[in-house]
2 protein chains.
Amino acid sequence: MAMSGTDLSRMREMNQLSVLWALRGTAPSTVTELAGRTGLSRPAADVLVQQLVADGWAEVEEPGASSTVGRPARRYRFRANAGHVLGIDVGVHKILVMLCDLEGNLVQSLRCPADPHAGPDERLAAVDETIDEVLREAGMAVTDVWAITMGVTGPVDGNGRSIISTHLPGWRDTDPVAHLRTRFTCPIRVENDCKLAAVAERWKGVAQDADDIVYLLAGLRTGAGLIIDGTLRRGHGGVAGEIGALKAVRWLNAPAHLAAHPEVPSGAKPGEAAAWVFQAAREGDSAAKTAVQRYIRDLAVGVAALVLTLDPQIVVYGGGFSRSADLVLDPLRRELAKHCLRVPELRASTLRDEGVALGALRLALDQVDNTLLSSQLAAPVAPQFS
Amino acid sequence: MAMSGTDLSRMREMNQLSVLWALRGTAPSTVTELAGRTGLSRPAADVLVQQLVADGWAEVEEPGASSTVGRPARRYRFRANAGHVLGIDVGVHKILVMLCDLEGNLVQSLRCPADPHAGPDERLAAVDETIDEVLREAGMAVTDVWAITMGVTGPVDGNGRSIISTHLPGWRDTDPVAHLRTRFTCPIRVENDCKLAAVAERWKGVAQDADDIVYLLAGLRTGAGLIIDGTLRRGHGGVAGEIGALKAVRWLNAPAHLAAHPEVPSGAKPGEAAAWVFQAAREGDSAAKTAVQRYIRDLAVGVAALVLTLDPQIVVYGGGFSRSADLVLDPLRRELAKHCLRVPELRASTLRDEGVALGALRLALDQVDNTLLSSQLAAPVAPQFS
DNA sequence: CGGACTTAGTAAACTGCGTAGCATTATTCT
DNA sequence: AGAATAATGCTACGCAGTTTACTAAGTCCG
């Protein structure tokens with residue numbers, strides 16, 4: 001609560017920001033609309049929006065065919081393409097790079113397969129190539145990128161370095177932020193994949209209406225991302241949500257139930273085996289149904305621990321297994337009812353394998369908002385460093 | 001981020017608040033000091049602080065013997081006794097009422113024993129009597145109280161009604177907020193005791209330096225209160241932290257280990273039995289040491305679940321058993337090291353049985369800050385309703 | 001003991017910002 | 001074509017904080 005005194009120039013800054021926020025995320029607006037939305041008088045809104053145009057934050061749309069009586073109004077539009085941000089999902093098997101503008105509209109994206117055994121140098125080189133390709137196709141230069149967020153598996157510290165464990169080979173000794181800094185001068189952030197996917201659900205997924213969310217990344221590995229009071233929570237050391245480490249919580253073993261089915265086609269990869277068991281269960285195979293049941297029973301203990309701790313409004317079931325959410329949600333809900341005082345809503349993610357990259361985009365956009373659009377409002381150029 | 005436009009009158013309001021915040025919690029200040037602290041010019045700080053004096057928020061201290069060169073300055077002081085708040089701890093065995101001024105200085109407090117079997121009407125009557133006695137001794141009228149927060153055992157919903165379970169007999173069907181509203185028109189809040197004690201640790205306890213805190217109320221019942229990013233978290237339904245409900249977490253049984261010692265003096269109450277076992281363990285009794293060990297082992301599972309979920313900076317061990325923290329902290333730390341990825345600091349509370357009431361005071365003060373000292377700054381009178 | 005020095009308090013002029021109100025302009029309706 | 005409607009542009013106004021200058025009230029030192 002360290003309020004500080006304000007003078008007139010700061011007031012103008014605030015009002016300019018207020019107009020800018022009123023401009024964003026809406027259809028092109030007239031000055032009168034802006035005045036109404038900001039609570040400012042029309043002349044004030046007018047000079048402020050014209051300043052925004054002069055600075056390059058907004059652009060004018062001259063009146064066309066008017067549909068109503070009276071003099072047609074000029075409309076002003078936020079220049080969403082003044083800058084762009086990158087969201088990157090570095091997975092074990094794939095790399096996904098997305099580029100969007102300042103309003104979050106997807107401009108370009110590219111998925112490229114990755115060698116699961118590739119070391120950090122090789123993997124980062126593949127990331128670089130994918131980024132280059134995306135920028136090339138979008139016709140962007142390096143300086144058009146205002147922020148980058150990258151998602152990786154496993155816990156990450158405040159500096160973006162992997163700690164404790166990760167399934168990216170050799171990643172423990174890598175500093176991906178430093179790598180990206182050799183090419184980009186904008187703010188760069190590296191974050192855990194579950195946490196990013198959680199952010200994505202609140203942004204464009206099934207949890208847009210909630211402020212307290214537990215997101216489950218369910219696949220061969222199970223992880224969680226937590227949003228409390230609308231904000232992603234990392235914990236003091238960046239390992240919030242890693243409930244699977246508790247021995248009483250059988251998250252490590254839970255997916256093993258699925259692989260243990262006796263009739264799984266030999267030679268199937270683990271992920272395919274799980275999908276096969278889910279399908280068999282859907283078709284009535286009783287051994288498969290038992291396997292799924294056991295998986296859910298073990299999964300539920302960890303989810304219950306998270307739910308009892310946080311009392312969220314919504315639990316989102318995402319990750320690779322969310323394609324089989326039809327088999328999981330109802331039994332999981334019943335299991336949770338056994339454990340929890342208050343059972344939250346349970347929803348299946350619909351973001352498929354794009355959640356991590358989308359969440360990365362959102363965090364990068366947040367970074368831009370905090371750096372450029374809050375404290376001081378300069379002309380639109382890429383912010384430096386973080 | 002719904003920024004709204006500002007005009008000059010609002011700017012003055014903000015600056016007045018800024019001066020008020022600069023005035024609070026510090027020694028009486030000169031205008032020059034205020035100007036420096038707020039970033040305003042000296043004339044501006046001057047007229048603003050004089051307005052605060054006129055409104056009754058501040059008072060002047062005429063210059064006395066000056067210790068430095070130059071003309072001695074008038075000093076201005078926040079009028080902390082312009083209003084007061086009540087913090088109430090309604091326990092099973094006792095009622096504790098505290099009264100403090102707007103800067104949090106304790107003005108009066110009174111503890112009075114309660115009949116464990118008393119019903120809600122009788123208990124609330126005792127609360128009323130204790131409040132009256134405190135106000136009488138402090139020479140305060142009902143209208144001098146600007147906010148009240150009351151702590152009770154067990155989960156509480158957003159309206160202050162007990163849900164799920166509580167150990168106050170008959171409390172489920174009581175509306176304590178409505179009861180207090182018959183006498184007080186100020187904002188009233190009823191909150192779970194663990195949560196309040198957590199708030200107290202961050203305010204005046206051992207966790208003043210942390211923003212992410214797990215507080216354990218350890219006694220015959222075990223409970224938890226969570227502070228994340230400096231804010232008390234209730235969860236969507238008010239049951240955040242109730243990890244003890246999980247069967248894999250043996251919090252219900254954990255204290256039973258202490259009572260099960262074969263040589264506990266017969267006729268001892270459960271609380272005394274636990275204290276006896278702790279003392280015996282301290283003196284080397286091996287059966288007692290085993291009992292404590294088992295208690296800690298079971299306690300640790302639940303704590304680990306909370307810690308793994310939230311990754312806090314500090315875990316505070318409070319509640320009735322915190323007198324025996326010397327026996328608990330080190331073994332608990334070792335147990336946590338087995339379960340957790342990152343072991344947080346573990347500290348013992350020093351607030352004895354005053355934590356709940358202190359936390360209640362703090363929340364009541366927060367309420368005053370939000371109502372009176374933030375949006376609009378009227379003359380100092382008690383806010384109405386909540 | 002008195003003048004130089006330091007700091008506080010006060011009053012004026014100045015600048016900047018948003019508001020209110022009115023004239024002007026562009027379009028539709030009759 | 002003229003009335004009605006709604007946006008735009010312009011000017012005078014009031015208010016808040018800053019700057020600057022000056023006065024008041026102390027201390028320090030020769």
Side-chain angles (χ1 to χ4, degrees), chain A residues 3-20 22-23 27-55 58 60-77 376-377, chain B residues 3-20 22-23 27-55 58 60-77 376-377:
Chain A
M3 290 190 152
S4 74
T6 309
D7 68 350
L8 289 150
S9 66
R10 181 131 188 77
M11 182 169 102
R12 188 180 189 81
E13 217 165 53
M14 290 167 61
N15 284 342
Q16 193 141 343
L17 279 169
S18 154
V19 171
L20 191 59
L23 217 49
S29 313
T30 68
V31 174
T32 311
E33 287 165 1
L34 288 175
R37 231 175 284 151
T38 56
L40 294 165
S41 69
R42 218 167 46 80
D46 189 86
V47 302
L48 288 169
V49 76
Q50 288 188 29
Q51 184 63 48
L52 288 175
V53 171
D55 288 347
V60 193
E61 187 177 280
E62 287 302 332
S66 71
S67 57
T68 175
V69 69
R71 176 173 176 172
R74 273 201 277 272
R75 293 189 167 271
Y76 295 87
R77 178 184 17 214
Q376 84 283 23
L377 188 63
Chain B
M3 290 191 152
S4 74
T6 309
D7 68 350
L8 287 148
S9 66
R10 180 131 189 78
M11 182 170 101
R12 187 179 191 83
E13 219 164 51
M14 291 167 59
N15 284 342
Q16 192 140 348
L17 280 169
S18 154
V19 172
L20 192 57
L23 217 49
S29 312
T30 68
V31 174
T32 309
E33 286 165 2
L34 289 174
R37 230 174 286 152
T38 55
L40 294 165
S41 68
R42 216 161 49 81
D46 190 87
V47 303
L48 288 168
V49 76
Q50 287 188 29
Q51 184 62 48
L52 287 175
V53 171
D55 288 347
V60 194
E61 187 178 281
E62 287 302 331
S66 72
S67 57
T68 174
V69 69
R71 175 174 174 172
R74 274 201 278 270
R75 293 189 168 270
Y76 294 87
R77 180 186 13 215
Q376 84 280 25
L377 187 64

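From a predicted model like this one, the values you see are computed outputs, not experimental measurements. Every chain is numbered from 1 and lettered A, B, ... according to where its sequence line falls, protein lines coming before strand lines.
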- request: For the pair A:R75 and A:E62, find out whether any cationic side-chain nitrogen is under 4.0 Å from an anionic carboxylate oxygen.
  value: no

- line: Heavy-atom contacts, protein to nucleotides 11-23 of chain D, under 4.0 Å, summarised as B (base), S (sugar-phosphate only) or - (none) per nt, yield ---BBBSSB----

- prompt: What is the distance from CG of A:D46 to C1' of C:dT19, rounded to the nearest Å?
  reply: 14 Å

field: Residues that B:R12 engages under salt bridge (charged side-chain N to carboxylate O under 4.0 Å, His left out), provided they are two or more places apart
entry: none

message: Please check: side-chain N/O of B:S29 versus main-chain N/O of B:A27, any donor-acceptor pairing under 3.5 Å?
response: yes

- request: Quickly work out the A:R74 CZ to C:dA26 P distance and round it to whole Å.
  value: 11 Å

message: Strictly distance-based, threshold 3.5 Å: is any side-chain N or O of A:S18 a donor or acceptor partner for the main-chain N or O of A:M14?
response: no

task: Using a 4.0 Å heavy-atom cut-off across all strands, classify A:T30 as base, sugar-phosphate, or nothing.
output: nothing

query: For B:T30 and B:R74, does a side-chain donor sit closer than 3.5 Å to a side-chain acceptor?
result: no

Per A:P72 side chain, nearest of listed nucleotides C:dT27, C:dT6, C:dA8: C:dT27

statement: From the list A:Q50, A:E61, A:E33, side-chain contact (heavy atoms from CB on, under 4.5 Å) partner of A:Y76 resolves to A:Q50

field: Interatomic distance where CD belongs to B:Q50 and P belongs to C:dA8 [whole Å]
entry: 15 Å

